[in-house]
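In what follows, every heavy atom counts, from backbone to side chain, and hydrogens, waters and symmetry copies are set aside.
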Amino acid sequence: MSEDTKFVTIATFQDPVDANLAQTALESAGVESFLQGGNANSMIPSAFTARLLVRSEDEAAARSVVDGAVDTPESMETVTAAEIADEGEVR
């Protein structure tokens, strides 16, 4: 990375778990990112937020990944419901 690289904040998080999940989603999509304030946020979430930053040229792709992860979150309830529905299907 050159010194000319510009970074943009694409999301802020109060919950450290959400911040790490978003960063993992970006990593899985091949988008480099970093969390600013992540350590402080992990220690005292109510006092600090974590900012998820990406290179400015990756902003659109990163927002798409993060927005997609928020729109379709996985949970134990949805996974369990899908498994139960799948067990009832006749094959």
Q: Could you see if Leu21 belongs to whatever hydrophobic cluster contains Val31? Use Ile, Leu, Val, Met, Phe, Trp, Tyr and a side-chain cutoff under 4.5 Å.
A: no
Q: Counting only heavy atoms not in Asn39, do more than 12 fall under 6.0 Å of its CG?
A: no
Q: What are the two closest non-hydrogen atoms of Ala25 and Val65, and how far apart are they?
A: O-CG1, 3.6 Å
Q: Return the minimal non-hydrogen interatomic distance between Ala22 and Phe13, and the atom names on each side.
A: CB-CZ, 3.5 Å
Q: From Gln36 CD over to Thr49 OG1, what is the distance, rounded to the nearest 0.5 angstrom?
A: 9.0 Å
Q: Counting only N and O atoms by type, is there a donor-acceptor contact under 3.5 Å from the side chain of Arg51 to the main-chain atoms of Gly37?
A: no
Q: Under the 3.5 angstrom rule, does the side chain of Ser42 hit a backbone N or O of Gly38 as a donor-acceptor pair?
A: yes
Q: What heavy-atom pair brings Gln14 and Ala47 nearest, and what distance separates the two atoms?
A: NE2-N, 4.1 Å
Q: To the closest 0.5 Å, what do you measure between CG (Leu52) and CG (Leu35)?
A: 5.5 Å
Q: I need the minimum non-hydrogen distance between Val54 and Glu59, along with the two atoms involved.
A: CG2-CA, 4.0 Å
Q: Could you walk me through whether Asp58 and Leu26 pass side chain to side chain contact (heavy atoms under 4.5 Å, CB included), step by step?
A: CA-CA 10 Å; Asp58 295 333; Leu26 288 175; over 6 Å; no
